[in-house]
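Note: hydrogens, waters and symmetry copies are ignored here, and every other heavy atom, side chains too, is used. Chain naming here is simple, since letters A, B, ... match the order of the sequence lines and numbering starts at 1 in each.
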Amino acid sequence: AKGAAPPLVMHAIDSGTFQENFNPFHLEGVNFGTTGMIYETLEYFNKLRPGEVKPWLALSHEWADEGKALTFTLRQGVKWTDGKPFTADDVAFTFDTMSRHPELNKGALEISGTEVLAPDKVRIDFKTTSYAKLFNISGNTAIVPKHLFEKENPVTFTNPKPVGTGPYKLSKFSAQLYEMTKNPAYWQPGKPVVPTIRFPAYTANAVQTGLQQGEIDWAGAFVPDIDKIYVQGKPEINKYYFPPEGVVSLLPNLTHPVLSKPEVRQAINLAVDRDKIVKVAERGYTEVAHPTSIPMPGGEAFLPPEYKDAAYKVDVEKAKELLKGVDPAQLTFTLLVPSPFTDWVNAAQLIREDLAKVGITVETRGVAFQDWVSKVGKGNYDLSIRATPAGASPYFQMRSLLLSELAKPVGTAATGNYQRWKDPETDKLINAYAATEDLAEQQRATQELGRIMVEKLPVLPLFYSPAWAQFRTNKYVGWPSAQDPYAMPSPYTSPDAAVVLLNLRPAGT
Amino acid sequence: MRFLTRRLGFYLLTAWAAVTLNFLIPRLMPGDPVDLLVARLKGNVDPAAIEAMKKAFGISDAGLWTQYVDYLGNLFRGELGRSITFFPTEVSTVIADSLPWTIGLVGVATLISYVVGTSLGVLMAWKRGTWLDGVLPAATFLHAVPYFWVALVLVFVFGSTLQWFPGSRAYGLEVTPGFDAEFLASMAYHATLPAVTIVLASMADRILGMRNVMVTTLGEDYVVMAEAKGLTSRRVMWAYAARNAILPNITSFALSLGFVVGGSVLTEIVFSYPGIGSMLLKGVENEDFPLMQGIFLVISLAVLVANLLADLAYVILDPRTRQ
Amino acid sequence: MSEVVLEGRNLTKHFRAARGRGTVRAVEDVSLALRAGSVTALVGESGCGKSTVARLLAQVYPPTSGEVLLRGRRVRGFREYRRQVQLIFQDPFASLNPFHRVRYHLARPMRVHGHVRSTAHERELVAELLERVSLTPVEQFMDKLPHELSGGQRQRVAIARALAVRPIALIADEPVSMLDVSIRLGVLRLLEKLADDSGLALLYITHDIASARYFAEDITVMYAGRLIESGPGEALTQAARHPYTQLLLDSAPDPDRVTPLDGTRHGEPPSLMAPPSGCRFHPRCPVALPICATRVPGRTELGDGRWTHCWHAEAAGLRHN
Amino acid sequence: MNVLEVRGLGVDYLSSSGAVHAVADVSLDLRRGEILGLAGESGSGKSTLAHAIGRLLRPPATITGGSVTYHRAEGPPVDVLGLRREELRAFRWRELAVVFQSAMNSLNPVSTVGSQIDDVLRIHVPGMSRKARVERSVELLQRVGISADRRRSYPHELSGGMRQRAAIAIALALNPEIIIMDEPTTALDVVVQRDILHEIRALREEYGFAVLFITHDLSLLMEISDRIAIMYAGRVVETGNARALHKAPRHPYTLGLLRSFPRLHGPREELLGIPGTPPDLRSLPSGCAFHPRCRFAFDACDSTLPRLDPDVACLLNEGKGVQ
Amino acid sequence: MKIRIGIGILVFFVLMALLGPLLLPADPAATSDAGLQGPSAEHWLGTTQTGQDVLTQIVHGSRVSMGVGLLSAVIATFFAIAVGLVGGYFGGAVDEVLSVLTNIFLVLPALPLIIVLAGYLPQRGVTSVAVVIAVTGWAWGARVLRAQTLSVRRRDFVEAARAGGEGPFRIVFFEIMPVLLPVIATSFLATVVGAILAEAGLSFLGLADLSTVSWGSMLYFAQNGQALLVGAWWWFVPPGLCIALIGTGLALVNFGLDEIANPRLRTVKLPKEAKA
Ligand SMILES: Nc1ncnc2c1ncn2[C@@H]1O[C@H](COP(=O)(O)OP(=O)(O)OP(=O)(O)O)[C@@H](O)[C@H]1O
Ligand SMILES: Nc1ncnc2c1ncn2[C@@H]1O[C@H](COP(=O)(O)OP(=O)(O)OP(=O)(O)O)[C@@H](O)[C@H]1O
Ligand SMILES: [Mg+2]
Ligand SMILES: [Mg+2]
């Protein structure tokens with residue numbers, strides 16, 4: 001009937017079935033929507049506009065004690081869906097729980113204690129300077145109700161009947177489908193507009209058919225031929241938007257005697273035709289990365305000024321020139337890619353073709369995902385391709401790409417800096433960023449890091465890893481766009497998806 | 001009876017070996033689940049949390065032997081641990097949720113394939129030289145087509161193009177699980193294509209196996225004698241020839257169940273069927289030791305039990321093994 | 001009398017029955033001697049243990065108890081024994097490997113036992129063997145596969161193979177029962193000739209007592225795993241002393257028979273898993289005495305190399321003395 | 001009075017390497033109540049002939065010509081080869097029963113002896129009550145010397161002789177006019193064989209059926225049969241009264257066969273045997289198929305095919321055979 | 001007849017594997033701008049999404065797929081012969097141990113086993129995949145061979161060879177094995193089919209080396225590129241069809257072998273008369 005707004009069908013994560021788990025502390029197995037739609041964070045960080053922070057459950061935050069104490073002022077009048085008020089106790093409880101249970105502390109926050117200063121004021125104390133972890137603290141930690149969680153073991157609790165502060169409530173659950181309906185008492189008046197969200201289970205295969213047949217309103221899927229399968233000649237309704245959420249780079253293993261030579265990396269850099277990779281392997285869904293690797297647009301302020309307009313150019317002759325001093329017999333590498341990532345496998349093939357032109361022999365080897373994770377983690381590879389997530393600001397990306405602390409010896413699994421870049425200057429810059437709250441200073445440090453990226457080539461950025469988002473405008477409009485990137489458009493990013501939902505309005509308005 | 005006792009002993013031994021291998025194999029896998037988790041979460045986890053997570057997942061650094069003893073002890077108590085992929089759900093819950101689907105699908109499909117395939121095999125042997133011989137090349141072809149290829153073609157033709165049958169899921173989104181007619185109908189409707197895949201791809205084995213044994217059996221004196229006795233063809237064919245020819249096929253049938261289950265992994269994946277095959281692949285992809293072990297164990301034990309049942313059936317059907 | 005070449009003394013063989021259901025007492029206390037240049041027949045119904053005796057003598061099976069002596073000595077070495085005692089099987093269709101040519105079948109034993117010096121020598125020896133078993137022209141037969149030969153020809157190859165190692169004793173386990181009547185004769189004659197010419201000691205195992213009469217000097221009759229009577233062929237077939245031998249003789253088809261068949265049923269041969277106590281024949285014996293059911297009759301020597309195991313003979317013997 | 005007349009019957013086995021003429025131009029009479037012995041070397045076509053008479057041949061065997069006529073005690077003669085399916089079923093076992101060589105193989109290993117008798121009764125005597133059928137089975141078994149409690153035994157639980165008796169009991173179930181016995185005692189030892197032969201004769205006296213008794217043991221036939229037919233390479237080469245044949249065989253092949261059997265009693269006669277080997281039925285020697293092995297062969301033998309005229313097929317002495 | 005059709009199919013594919021890459025020397029992985037084009041004079045079987053020529057891929061892939069099949073069948077058959085013949089011939093404790101081993105491998109779900117073993121290998125190339133498939137695929141053949149050996153070992157000619165003084169090694173490999181050749185051939189051919197299918201399945205799950213062009217990896221990419229949904233049947237159908245055809249060919253040869261060993265299995269033309 002007219003007037004009754006239609007439900008929105010959403011597909012976030014490929015899955016055959018759902019398990020009944022709505023515990024926001026969990027990383028895996030928790031159903032999408034738990035954070036953002038049911039539970040909320042203190043603040044909202046828009047990754048598409050680094051530096052933009054919006055108050056959410058907290059109205060403001062304030063650092064003290066050289067980044068070791070953080071005080072939040074909370075929003076008043078927010079209620080849990082069971083009617084109990086949201087207070088500073090809940091916030092303190094949430095952070096206490098994380099410090100009590102390190103396995104739930106995914107952001108590795110070094111919490112030393114919490115203190116409730118007033119019903120709407122709470123202070124969290126840290127062992128070390130934690131300016132750089134603000135996103136993890138306030139942007140990525142869902143606050144849970146103390147009065148319900150204190151009775152449970154948060155590690156194993158599956159929270160089948162979640163009670164949150166968010167715009168939605170869980171209304172129905174089965175292994176193939178769960179539904180959320182709007183929280184009538186939500187603290188943002190008149191919102192949300194979408195009354196019901198349905199989450200049917202789709203596997204990676206089924207989702208393609210689902211998109212083709214118009215079953216899904218909002219998805220975040222890689223679609224091999226988006227025009228044919230999804231758009232189907234209706235670009236006005238069947239829209240998509242793939243902003244960057246990180247960078248995919250070619251990793252040269254710097255412990256390799258040949259690849260550790262800058263001129264070799266330089267030659268590779270000049271030989272690889274990134275435009276073609278983007279067009280053929282990535283089907284034009286994304287863009288060639290900025291040489292600093294900083295996601296664009298959005299990261300302008302973090303770019304070193306002299307490289308603002310830098311771009312890659314293929315120069316086979318110069319590459320050959322650079323390789324003159326290297327024994328051609330040594331220019332043989334294997335390029336390790338995870339087989340399931342077909343676009344990377346194709347990209348690897350293109351890189352192979354490009355490098356062959358400058359006399360570098362590359363053997364591409366596709367391996368199982370876990371094998372790839374293990375080999376790259378332990379540094380047992382020559383060349384590989386890997387994505388690095390952007391995080392709330394380019395700093396996070398730089399840190400995980402370059403911090404020498406992360407580069408473990410070959411044979412030990414690393415959690416970042418897989419190419420094993422060791423440079424004291426880089427480390428100094430990264431530490432400088434973390435030691436300040438001042439945005440300008442942070443930007444300066446990041447610019448320096450960008451300069452290192454361009455000049456020393458610790459890794460070779462290829463293209464931005466796109467955030468997938470397909471959405472239809474026949475039911476609702478107001479989706480994020482390149483013109484208005486108010487949140488990550490992908491349904492699988494939290495809490496951004498909730499922010500998007502709160503922005504939707506019925507079509508035709 | 002002695003025969004059965006001996007077999008039972010053998011199965012226990014095999015079960016123990018399977019359990020032990022199940023324990024060892026996942027531990028020989030490269031990488032570890034937390035690394036994978038980190039990789040899949042694209043670095044949203046800080047390394048400091050990893051140690052704690054390992055502990056929570058029950059990944060211990062204890063010696064292999066201690067782990068083995070613990071593992072056996074837990075098994076005896078029926079504890080399979082918690083899944084890592086679906087943390088903190090218990091593996092037994094995951095299996096309990098998915099196993100019925102597989103058993104239902106694979107069980108019914110295998111049963112159909114067995115009954116139809118065996119009957120066809122019998123008929124083909126009986127009516128050699130008629131048009132039924134034409135089934136042979138068709139069966140041969142189906143025998144050689146990859147399971148998933150058949151499945152994908154079926155999905156494309158009957159699922160996407162004609163839209164006669166759903167190409168994914170175990171039941172419609174609109175129905176709520178429960179034992180009512182609507183749910184059961186939806187279930188059967190959704191199971192059609194996957195079942196057809198399994199039947200098509202596994203029936204050939206049954207047809208060919210039965211035909212060959214049957215042809216040999218038809219040459220036996222007792223079949224000629226039955227015919228000479230003036231019995232009806234039906235009776236000769238079923239009570240004399242097929243009844244005997246089925247015996248050597250029982251064992252191979254039980255063993256092939258393992259292969260059918262293996263094949264159903266692919267089928268389940270194509271059809272997004274929430275069975276144990278999909279779970280297995282998920283477990284393998286995520287190096288979810290507890291889940292993989294649990295599923296390994298269930299499949300192995302199921303095949304063992306099927307074999308034991310086949311032995312039992314053999315004893316019941318073949319008076320020569322009684323005594 | 002010529003020298004005893006191969007002798008089995010008190011041979012007993014028990015098998016464990018399939019799936020562990022008790023023991024099969026296949027052969028019990030059998031003593032048998034083969035003499036050079038002479039054919040000894042072992043006669044008995046199917047399943048009475050003839051083949052087992054053959055295999056015990058050939059040391060294919062180890063005896064449960066008793067011993068096998070070759071020229072009065074125990075021989076230990078596996079190859080050494082094979083070189084001296086050879087076995088010919090019942091079924092010429094099964095005893096030749098369908099995959100190997102005649103030449104291979106004959107050359108292998110010679111090679112194994114080191115009788116061959118060179119390829120040319122081997123060929124010569126093979127030709128000689130074929131000649132001995134009358135498979136001529138030799139050239140033609142040498143390269144044939146078993147399926148290209150008729151039954152009689154195959155059995156000749158099998159015999160030639162046994163001869164290839166130059167044994168001193170040959171055990172023929174029903175060598176002609178699978179052959180057509182019309183060609184049996186040729187094979188039997190060949191065996192007879194080998195015994196005569198080469199001085200082989202030959203054990204001819206058969207269930208056809210009539211052929212034993214024709215081809216063997218001595219006949220030993222076996223029943224349900226035990227020997228029951230033995231003696232020179234002619235004497236034994238014309239005047240059997242043991243009731244079983246008599247029954248066997250009466251039962252054999254004989255177109256010349258004048259007396260019509262009598263109508264008594266004789267029952268089935270006993271199971272070797274639970275053989276009858278005492279004389280194993282007593283349940284079927286028309287003249288059984290009470291003692292037959294309880295005690296095993298000993299050997300009664302009847303003179304002229306004849307002896308029997310029967311309480312009647314024993315009683316008669318006692319009376320005579 | 002003939003109960004069965006075979007005229008000019010021919011059977012070929014078709015195969016890729018040429019047709020095997022297993023039975024060629026065979027004519028044979030079976031008189032009411034007699035035992036007709038059929039002897040010949042292995043492969044001479046005895047079983048094929050018997051199967052042809054019972055219409056039991058399976059592909060690749062084909063009847064190439066001739067006729068088989070059955071004469072009831074009253075009523076018109078029956079063309080056996082022309083019977084339609086239903087008529088054939090009635091003919092089988094009511095009029096003609098078969099006992100095969102090895103009873104182990106001709107009894108269905110998975111059903112009891114009793115039920116195999118019951119099978120026949122149920123199909124052929126539809127009105128018979130269950131109780132009556134059981135009684136009849138018991139009666140039949142007792143008639144051949146098997147105790148009633150063996151009715152529930154499976155074939156493998158019986159000894160060889162008992163099995164053969166059971167097969168005969170099944171053959172007697174409907175009091176047929178003709179029983180074909182294809183080497184019914186070959187697998188048995190002589191004492192048991194003797195008992196069974198005796199049984200057969202006694203039953204024949206009692207019921208008056210005619211027997212076609214097939215074996216390759218000529219001396220056995222001489223003893224049991226009334227008349228004898230000798231086959232060689234698919235043809236009947238001599239027929240005649242058993243005694244007469246024994247005393248004065250006329251075909252050189254019969255003579256050779258007779259002189260191949262060592263005798264148990266009387267003087268040691270010289271054994272002749274037959275030189276050479278049986279012929280390949282695909283390419284028979286021209287003329288008389290026996291001539292390459294015949295010691296009496298003369299020129300005409302390799303060109304002229306002798307006909308059975310009236311009792312012997314031999315060119316010697318103007319068709320009268322050896323004299 | 002059957003065997004002839006079967007051999008015909010096999011010869012076709014063998015020729016394709018041997019000569020094809022010489023006739024079509026282009027790199028099968030080479031990409032071009034002409035993506036997702038249907039069959040044309042230039043691309044007989046069309047192109048993939050990244051503009052690779054499907055025909056070139058099929059031809060080059062045949063080497064890999066058939067190579068994997070052959071290699072793993074050779075290895076598996078080797079194991080099967082060793083375990084089956086030795087166990088069957090010697091019997092006793094050796095046999096008990098070997099049959100327990102065989103049965104365990106029969107019962108264990110092969111797919112995860114394959115993944116584990118693949119991960120355990122230093123290299124995950126075509127060879128490794130073949131080895132891994134073989135390691136999980138020998139048990140069936142061993143079981144069949146053991147059963148056959150058990151029956152052959154009791155045959156007189158084996159006894160005769162033993163009585164003639166032959167040693168056990170010679171008996172197993174020169175007396176028993178030749179007789180089992182048809183069985184070995186049958187099991188070998190069946191393993192080839194199994195291995196080709198297993199490789200395809202593994203690739204389809206993304207668990208094999210996908211940077212090598214094989215029919216399995218083609219299917220994987222076709223599926224990932226949703227070839228059917230975008231209507232690119234020329235991309236999806238040929239690899240599957242090739243696998244099926246080669247499997248059919250092998251199976252037909254197998255039936256032929258069976259029929260030679262057991263003539264009763266032959267299909268026959270019934271003469272009109274006998275049918276009635
Ligand atoms: N390996 C064995 N295991 C168990 N029992 C056996 C074995 N070999 C023979 N027997 C049993 O021993 C008994 C004697 O067998 P054997 O083969 O010696 O008899 P036979 O007189 O040669 O019979 P036939 O005339 O049928 O060849 C039979 O009951 C048989 O079942
Ligand atoms: N299915 C068949 N295909 C081809 N030839 C066959 C077939 N069955 C039998 N023969 C051939 O037909 C001929 C006659 O066979 P048949 O069984 O009638 O002989 P037989 O006299 O009964 O022999 P035996 O005494 O061995 O039983 C034989 O040469 C045999 O090889
Ligand atoms: Mg024997
Ligand atoms: Mg016959």
Side-chain angles (χ1 to χ4, degrees), chain B residues 10 13-15 17-18 21-22 25-26 28-31 124 128-130 133 136-137 140-150 152-153 155-156 160-161 204 208 211-212 215-216 218-219 255 258-259 261-263 265-266 269-270 277 280-281 283-285 292 295-296 299-300 303-304 307, chain E residues 2 5-6 96 99-101 103-104 106-113 115-117 119-120 140 143 193-194 196-197 200-201 204-207 216 219 222-223 228-229 233 236-237 239-241 243-252 254-255 258 262 264-271 274-275:
Chain B
F10 170 76
L13 185 67
T14 313
L21 267 173
N22 279 349
I25 286 169
L28 301 179
M29 284 258 196
M124 275 171 65
R128 279 199 302 161
T130 64
D133 280 345
L136 204 63
T140 314
F141 183 79
L142 283 176
H143 176 81
V145 190
Y147 264 77
F148 58 88
W149 197 72
V150 177
L152 288 168
V153 170
V155 171
F156 178 67
S160 311
T161 311
L208 301 173
R211 174 184 177 270
N212 286 3
V215 165
T216 315
L218 283 180
L255 281 175
F259 297 107
V261 171
V265 172
L266 293 164
I269 284 160
V270 172
L280 180 61
L281 186 68
V284 168
E285 280 172 349
M292 277 163 70
I295 292 178
F296 270 160
I299 294 181
S300 310
V303 177
L304 274 183
N307 275 280
Chain E
K2 248 181 236 140
I5 297 178
E96 289 286 325
S99 7
V100 168
L101 193 74
N103 278 295
I104 290 169
L106 272 181
V107 169
L108 272 187
L111 200 66
L113 200 57
I115 300 155
V116 176
L117 294 173
Y120 212 39
W140 188 255
R143 186 188 164 96
V193 185
I196 291 179
L197 286 176
F204 179 72
L205 293 180
L207 301 173
L219 279 173
Q223 174 54 17
L228 282 180
L229 272 191
W233 54 266
F236 175 82
V237 172
L241 212 57
I243 294 173
L245 274 179
I246 207 163
T248 310
L250 288 166
L252 286 177
N254 237 346
F255 293 155
D258 277 352
N262 183 358
R264 282 199 266 192
L265 296 180
R266 282 176 208 168
T267 47
V268 283
K269 283 255 168 331
L270 275 193
K275 237 184 257 181

Legend entry - CZ on E/F236 to CZ on B/F156, rounded to 0.5 Å: 9.5 Å

Inset, instruction - Please report the closest heavy-atom contact between B/H143 and E/L197, naming both atoms and the distance. - result: O-CD1, 4.3 Å

Inset, instruction - Flag the one option from B/T14, B/T140, B/I269 with the top tally of heavy-atom pairs under 4.5 Å to chain E. - result: B/T140

Legend entry - Nearest heavy-atom neighbours spanning B/L13 and E/V100: CD2-CG2, 3.7 Å

Legend entry - Segment of B/L208 engaging chain E (4.5 angstrom heavy-atom cut-off): side chain

Legend entry - Non-neighbouring partners of B/Y147 that pass ring pair (Phe, Tyr, Trp, His ring centres under 6.0 Å), sequence neighbours left out: none

Inset, instruction - Measure B/V150 against the heavy atoms of chain E and call it side chain, backbone, both or neither at under 4.5 Å. - result: neither

Inset, instruction - Mind listing the closest non-hydrogen atom pair of B/L266 and E/G201 along with its distance? - result: CD2-O, 4.0 Å

Legend entry - Pairing residues for B/A15 by the side-chain contact (heavy atoms from CB on, under 4.5 Å) criterion, not counting sequence neighbours: B/L301, B/L304

Inset, instruction - Identify the two heavy atoms, one from E/G240 and one from B/P146, that lie closest to each other, and give their separation to 0.1 Å. - result: O-CD, 4.3 Å

Inset, instruction - Decide yes or no for B/W149 and E/I243: does some side-chain heavy atom of the first lie under 4.5 Å from some side-chain heavy atom of the second? - result: no

Inset, instruction - Pick one of side chain, backbone, both or neither for E/W140, based on which atoms fall under 4.5 Å of a heavy atom in chain B. - result: side chain

Legend entry - Reported CZ-to-CG distance for the pair B/F141 and E/L241, which is rounded to 0.5 angstrom: 5.0 Å

